[in-house]
Amino acid sequence: MDILKELADTFLILIRCGTTFRVVYCFVMKGTDEENEKAYKKKIRNVIIFYILAECCYVIKDLITNYYA
């Protein structure tokens, strides 16, 4: 179980860092490319939705492992 917890924590850190970098990148590109501003807003929204779903999956996994452990 320790390996599973370490792997899940590593994935969660990667998801958080990737989400942060993607949102910052989209904000920078939104500021430089005003023609595609709506597209970058949509990309930011999609990244935030992905992050929320990923956090929910992690919480559900944690609840299940704690319940059955």
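Numbers for residues simply follow the sequence, beginning at 1.
Formation of a donor-acceptor pair under 3.5 Å by the Asp33 side chain with backbone atoms of Met29 is not found in this model.
Ile64 and Tyr67 fall within a single hydrophobic cluster, where Ile, Leu, Val, Met, Phe, Trp and Tyr are joined by side-chain heavy atoms under 4.5 Å apart, directly or via other members. Grouping the Ile, Leu, Val, Met, Phe, Trp and Tyr side chains by contacts below 4.5 angstrom, directly or via other members, places Phe27 with Ile48. Clustering ILVMFWY residues whenever any of their side-chain heavy atoms sit less than 4.5 angstrom apart, transitively, puts Tyr51 in a cluster other than the one holding Val24.
At a threshold of 4.5 Å between non-hydrogen side-chain atoms, the residues Tyr58 and Asp9 count as touching. Using a 4.5 Å heavy-atom cutoff, the side chains of Arg22 and Lys43 are in contact.
In this structure, the separation between CG on Leu7 and CG on Asp2 is 12.5 Å, given to the nearest 0.5 Å. Between Glu55 atom CD and Asp62 atom CG the span is 11.0 Å, to the nearest 0.5 Å. The NZ atom of Lys41 sits 12.5 Å away from atom CG of Asn36, with the distance rounded to the nearest 0.5 Å. The distance from atom CD of Glu34 to atom OH of Tyr40, rounded to the nearest 0.5 Å, is 12.5 Å. Within the model, atoms CG of Leu12 and SG of Cys17 stand 9.5 Å from one another, a figure rounded to the nearest 0.5 Å. Atom OH of Tyr25 is separated from atom NZ of Lys30 by 14.5 Å, given to the nearest 0.5 angstrom.
Few gaps surround NZ on Lys61; more than 12 heavy atoms of other groups in view lie less than 6.0 Å from it.
Across all non-hydrogen atoms, the minimal contact from Val23 to Val47 is CG2-CG1, 3.8 Å.
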